[in-house]
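Report on one structure; see the data block that follows.
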2 protein chains.
Amino acid sequence: MAMGRPRAFDADAALDQAMEVFWRHGYEGATIAQLTEVMGINPPSLYAAFGSKEGLLKAALDRYSAKRACWLEEIVSAPTAREVAERMLMGTADSQTDPANPPGCLLVQGGLACGTGSENVPFELAAHRAQTENQLRERFVRAKAEGDLKETADPAALARYLSAVIAGMGVMASSGADREALRQVAAVSVKAIEEQSNS
Amino acid sequence: MAMGRPRAFDADAALDQAMEVFWRHGYEGATIAQLTEVMGINPPSLYAAFGSKEGLLKAALDRYSAKRACWLEEIVSAPTAREVAERMLMGTADSQTDPANPPGCLLVQGGLACGTGSENVPFELAAHRAQTENQLRERFVRAKAEGDLKETADPAALARYLSAVIAGMGVMASSGADREALRQVAAVSVKAIEEQSNS
DNA sequence: CCACATTTGTAGCGCTCACTACATTATGGA
DNA sequence: TCCATAATGTAGTGAGCGCTACAAATGTGG
């Protein structure tokens, strides 16, 4: 059997470029013309590799999550719930204002509401956001079992809380909040977790 | 001088309908066809009254803010910073999950990122969000002056914090979080303000 | 009743959108 | 070498977008 002409572009590098366009303009605001230009390919190559605009988004989201995975692992490996929260929030403040990326978070900027025909895009984003919340919840369940969090603490509620603050920071970052402003938000938020911790 | 044919539709009622479309589908996801249908008018009437799709959005945002204004006034009239925060957050949890409206908040759902040609839409939304933050900040400045908030408290940071949590709750509501989940987030958030209060 | 001013409904403008037909080119296997 | 296979570049496709020209309709002032 013949193997066909080999792909002439690096799919991961192209995905990184596409990710940035979705991040900056949102799913609906990003056009195939913009995407193909930054990816350095033509539409047929895009559709052969990713199937559709939505397929490209999913691939970009997967790559985004994959890139964050090890960072997240390191965060939840912190010794206490308080420290997990602090590293998580401060790290978020920094990454959401990192000039190397568009401001905010792709999983929020990507599109909370979409037009007819793209209704599942918001669901896709929400599913990826839920991954982080799940990791936090599991970590807080452990923290409670270890006696690090108070008996009265609700790990699921705390994880949801952090998830909300992170999303909120993304909204603020996208509208121009600078790193110092986000760090202040993070600092206040940590107190709420601290308050549920022992000692 | 003659006065011309009178307008045959109620602009405010039409705006309420348009608001809901922007809320549910975002600025870019909302089409003129959808908007004119729910408004019960034809495109020329829309353009005569509001100038453009963006003009319609601005009018809808103004109306949205106007509707919230008296509610906000009542919130910040609560006796203490803690109570302001609690009413604000609990009220937000309720309104963002009110089945009478689309889930979340128009000022977040409307569009955080837009395509080329609509770059100022996110700014418009951010400006309206900033109004709430400003009211909260002024209220917390007063609370600090009254000795209600600790000497070490930073009113601007607390207002930014609440603003972030509110935006984050909007993100969660739009992806299906129910009222109870948002109330839990609100409850945890209040503790952070409580922690900065005297007694 | 008439002239003017403004809105309304019909119909469709130009444009951009996501997506693709097709011929060409580049590889591996027989 | 020659075929099968798959990616590439060119050049579009139909559909839907925001928006508008135009004439008929509906009001007011004289």
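Note on naming: letters A, B, ... go to the chains in the order of the sequence lines (proteins, then strands), and numbering restarts at 1 for each one. Being a predicted model, the structure only gives us computed values, none of them experimental.
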Salt bridge present between [X] and [Y] (N-O < 4.0 angstrom):
| X | Y | value |
| --- | --- | --- |
| E133(B) | R129(B) | no |
| E195(A) | K191(A) | no |
| R142(B) | E138(B) | no |

[X] has an atom [atom1]; how far is it from atom [atom2] of [N], in whole Å?
| X | N | atom1 | atom2 | result |
| --- | --- | --- | --- | --- |
| I32(A) | dA15(D) | CD1 | P | 19 Å |
| L57(B) | dG18(D) | CG | P | 13 Å |
| N42(B) | dT20(D) | CG | C1' | 13 Å |
| I41(B) | dC19(D) | CD1 | P | 13 Å |
| L35(A) | dT16(C) | CG | P | 17 Å |
| E54(B) | dC17(D) | CD | P | 18 Å |
| E28(B) | dT16(C) | CD | P | 15 Å |
| F50(A) | dA7(D) | CZ | P | 12 Å |

Output the single nucleotide from [options] whose closest atom is nearest the side chain of [X].
| X | options | answer |
| --- | --- | --- |
| T31(B) | dC17(D), dA7(D), dG9(D) | dC17(D) |
| K53(A) | dA18(C), dT20(C), dA7(D) | dA18(C) |
| F9(B) | dG9(D), dG29(D), dT8(C) | dT8(C) |

Exercise for review: Scan P6(A) against the nucleic acid and name what it touches under 4.0 Å (heavy atoms): base, sugar-phosphate only, or nothing.
Suggested key: sugar-phosphate
**Study point:** First encountered from the 5' end of DNA chain C, between P44(B) and S52(A)
**Key:** P44(B)
Check your understanding: Can you check whether Y47(A) has a side-chain N or O nearer than 4.0 Å to OP1 or OP2 of dC19(C)?
Key -> yes
Review point. Does a nitrogen or oxygen in the side chain of S45(B) sit under 4.0 Å from OP1 or OP2 of dT8(C)?
Key: yes
Check your understanding: In terms of ring plane angle, is the pair W23(B) and Y64(B) parallel, tilted or perpendicular, where the classes change at 30° and 60°?
Key -> perpendicular
Exercise for review: Could you go through the side chain to side chain contact (heavy atoms under 4.5 Å, CB included) check for K144(A) and D154(A) one step at a time?
Suggested key: CA-CA 9 Å; K144(A) 187 173 175 183; D154(A) 180 347; over 6 Å; no
Point to revise | Pair of N/O donor and acceptor under 3.5 Å linking dT25(C) base with R5(A) side chain | key: yes
